[in-house]
Amino acid sequence: MRFVILVLCIFFKSNDVQVTERLDLSFKNTTQLNDIIDKKLPSLRPEFISEEIVIANRSFDVYQRDIIACVRALYGDPKHNEYLCFAPERHYADEDKTQRLYHDFHTGRWWWDTQKAVEEKTPGATIIPVILSSDKTQVTLFRNKTAYLVYLTIGNLPKDIRRKPSRMGQVLVAYIPTTKLEHIKNKESRRRSMCNLFHACMRRILTGLKEAGISGVVMRSGDGVARRCHPIFAAYVGDYPEQVLVTCTYVGKSPVCECPPDALGEYPCAHNPRNFQAAVEALSSIGAPDWGTRCANANMKPVQHPFWEDLPYVDVFRSITPDILHQLLQGVVKHLIGWITEAVGADELDARVRRLPLNHAIRPFLKGISSLSRVSGMEHKQICSFLLSVIGDLPHTSAITHSLMRATRGIIDFTYLSRYPVHSVETLKELEACLAEFHDNKHVFLNLGIRENFDIPKLHFLNHYVRAIKLYGTADNYNTEATERLHIDFAKDAYRATNRKDEFKQMTKWLERREKIITHIRVSFEDVSCPYEIKMTKQPSEKSVLLDAIESPSGYGATLFTVALARFIVQFRNPTLPHARVDEAAHNIVLPFRRLPVFHRIKFVNTKFFGSETLDSIHAYPRAIGKTGKITRLSRFDTAMIRVRPAVVGAHKFDGLRVGRVRVVFSIPPRGLETLFPINMQPPAHLAYVEWFSTFAARPEAASGMYRLKRQLAGDGSPLVSVLPVSVIQSSVHLFPKWGRTVPVDWTNENVLDRSSTFSLSNYKDQRTFFMYH
């Protein structure tokens, strides 16, 4: 898409008539091109119209699209036809149907319940769950110019389409006014008027949903089949300020239940959901002398005609969904990092973070994390991957350290589990258990004087995640990360295309043209499953490395390389040879070479779904010294999960797996192949020399939930090593070193795997690792 726009921009700016003639273009300038787009390219999506809203004696323009036409465009898009869902489904993981699965929107209970309710009045209905989201975003860096966007998508589309901008599964429905109503001097009146303005705009935008939801409207899907469809407002996606605004509730309170502000930190939540009918009755009594009192008794703001008050089959409090980005990552995790920083100490925390081993999936924070500002959701994800590692061996009592570890682990596990693409009854129980683990141990922050209470609305909302997943499918159905990405296309890029005067009129026209162009671009669909494939470069990183350099501690550090390679050759040629005789036979192996081609990286890809993107990698290379004698590259020898034998069905999750540190990745040169191996028994093209860690214990450590590992040594104190095919390496792993009370000053992220003798295997390197090894 960006390539196409770039090419068009080159044409726009070209004044060379010969270029347009030689390419046989139908336009000579941007005006002619825009005219072609406007008049000749068909559009599947409705045009924007401008309407006027009057609030507090001031009029404001709302740029909006017809809501039913937007739903029709998504539902009838031929590109979406093969993926559309037309009815709710129950999925199970077992034949006895005891383990129900939740993933896409149609597997949740909301659709089942709504389908039954609609069928009682109008049989033969096809439900279209309407998912709305809104958010403000800044479109300029310096002038504080903002845009307030409202998006729409439908639950009939799989979540993998809805969350990818390139798949056009979301529609920008409206730009609503961003005014601060500064002409209203009273702050309370101003806040109330802004709330009324939002609901007046949303009410205008969603006007068509009322009648269509009740009686239905005939729509054709991409295959041409006509059905009586009922578009019904199902879920609202937004951060906490948007949730409060939509539900007409007060800041500092729960937007979904009746929990008082001073009980938000309690677990489990014993308070009833908010009563939608009571809220509607209170708000609809506008004009009555005691209207304000009725709203206060219903624990609601006195808002004039909220947009949802007369929409069919709606309970707005139930429609509020979890928000992984703002609630968990930018909310609860941000709080947790602050608490841990106080418990550990900023200097010690940063010292540990700086010395963590490097890994493909984890960004190195070389200056620590305590001084970070404006931390993004992606950075909070990264910090989650190693946060547990900084807590061990603190100068506190063991009880405090264990409680701190358990509380932190509860939130981190909850964060990873909540991002599962599929949930079962069992994983939802795990999700609740993680939250209970945190609440059972949160007293440690009180005892350390870090917190006085836990009455935090975002933390409280974690009580409602399981309920929402059962209603609407997994949390990636309604994560604000998707709409944050849309801001770039629908707000920031659109604004940059204007002349900054009367910008919204120009932005809507730019978006309409852009959608027409994208309609004619074919986009591939990526599957969510991700088995790894190993990819090696055709040429080695170093064509000829001396065996002395490979075995040197200042080189690759593979001190027993020659011995290990000889053992590999013997075992490969004689697979049934007893181990007792392998070493004896290895002494008779003479290597016919003194140099080897060496590879510095093993890549893991999934070409079918992710093309050439590197999903994981393992590095193995020594320091590099420049001509001036300065270090140009630090050494790095990553750790890996290695399959040493096939797993037994039903056995331990680490059955047949071991962790090793990769020192050298190499190939045997042709001369060596001819001399050492029979023609009919050629070894793999790529081999690796690894240093082993201890085998896995039966159970992980109780407090951290991680497995303790040590470097495995032979009887003479030398490392236990092997040469093995690269193909048995499954992925990289991340090890947390055992720090001691304070971090030794001579430890660095370059040498920590050499200096520390004891480690914990991280479950949190990435989402895939957590799913496989948690």
Side-chain angles (χ1 to χ4, degrees), residues 51-60 62 64 67 132 134 136 148 150 174 176-211 213-214 232-233 235-236 238-264 271-320 457 460:
E51 293 199 14
E52 197 174 78
I53 297 286
V54 178
I55 294 289
N57 300 320
R58 293 288 180 92
S59 61
F60 303 95
V62 179
Q64 67 177 80
I67 189 78
L132 299 172
S134 60
K136 284 183 182 178
Y148 203 158
V150 181
I176 58 181
T178 58
T179 177
K180 295 181 180 179
L181 299 178
E182 293 178 345
H183 67 286
I184 302 176
K185 303 304 180 184
N186 182 278
K187 291 184 180 180
E188 180 62 31
S189 298
R190 187 189 307 153
R191 284 195 293 266
R192 188 174 301 176
S193 296
M194 290 180 69
C195 190
N196 285 329
L197 174 61
F198 170 82
H199 281 274
C201 293
M202 291 298 295
R203 191 177 183 86
R204 183 73 60 87
I205 294 165
L206 303 182
T207 299
L209 287 185
K210 181 179 179 180
E211 182 60 31
I214 296 173
I232 297 172
F233 169 45
Y236 205 100
D239 56 16
Y240 180 67
E242 290 296 307
Q243 293 173 354
V244 169
L245 180 62
V246 167
T247 56
C248 305
T249 52
Y250 289 94
V251 173
K253 296 184 177 182
S254 170
V256 298
C257 72
E258 296 177 349
C259 181
D262 59 356
L264 292 174
H271 301 277
N272 294 325
R274 285 181 177 267
N275 190 320
F276 177 72
Q277 195 57 44
V280 170
E281 291 175 1
L283 292 169
S284 61
S285 65
I286 183 171
D290 60 345
W291 178 54
T293 303
R294 293 185 186 183
C295 292
N297 292 338
N299 204 13
M300 303 285 291
K301 290 179 183 176
V303 176
Q304 299 177 14
H305 302 298
F307 71 85
W308 36 261
E309 69 175 352
D310 55 358
L311 292 179
Y313 309 105
V314 167
D315 181 342
V316 71
F317 306 121
R318 192 175 64 166
S319 298
I320 299 301
H460 168 80

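The structure presented is a predicted model; accordingly, all values stated were derived computationally and were not measured.
At distances below 3.5 Å, at least one donor-acceptor pair connects side-chain atoms of Asn196 with backbone N or O atoms of Gln304. A side-chain donor-acceptor contact under 3.5 Å links Arg203 to the backbone of Pro306. Put simply, the side chain of Ser285 never gets that close to the backbone of Ala288: no donor and acceptor are under 3.5 Å apart.
Residue Ile205 comes nearest to Ile67 through the heavy atom pair O-CB, 3.4 Å, listed as atom of the first residue, atom of the second, then distance. Smallest separation of non-hydrogen atoms from Gly252 and Leu264: O-CD1, 3.4 Å. Shortest non-hydrogen contact noted between Ser193 and Ile55 is O-CG2, 3.8 Å. Closest approach of Tyr250 and Pro302 over heavy atoms only: OH-CD, 4.0 Å. Residues Asn275 and Phe317 share a closest heavy-atom pair of O-CE1, 3.9 Å. A pairwise comparison of heavy atoms in Tyr236 and Ser134 identifies OH-OG, 2.6 Å as the closest pair.
Proximity of Phe307 to Arg204: side-chain heavy atoms (C-beta onward) are nowhere separated by under 4.5 Å. Lys210 is not listed as a side-chain neighbour of Val314, based on a closest heavy-atom distance of 4.5 Å or more. By the 4.5 Å heavy-atom criterion applied to side chains, Glu188 and Arg191 are counted as neighbours. Under the 4.5 Å side-chain criterion, counting only non-hydrogen atoms from C-beta, Cys295 is in contact with Leu283. For the pair Thr249/Met300, a side-chain contact is recorded, criterion being any heavy-atom separation below 4.5 Å from C-beta on. No side-chain heavy atom of Phe233 sits under 4.5 Å from any side-chain heavy atom of Leu206. Between Arg274 and Lys253 there is a side-chain heavy-atom pair separated by less than 4.5 Å. The side-chain heavy atoms of Val280 and Trp308, taken from C-beta on, include a pair separated by under 4.5 Å.
Inspection of the Ser189 and Asn186 side chains reveals an N or O donor paired with an N or O acceptor under 3.5 Å.
Between Arg294 and Glu281 no salt bridge is recorded (no basic side-chain N to carboxylate O distance below 4.0 Å). Ion pairing between a basic and an acidic side chain is recognised when a charged N comes within 4.0 Å of a carboxylate O; Lys136 and Asp239 show no such pairing.
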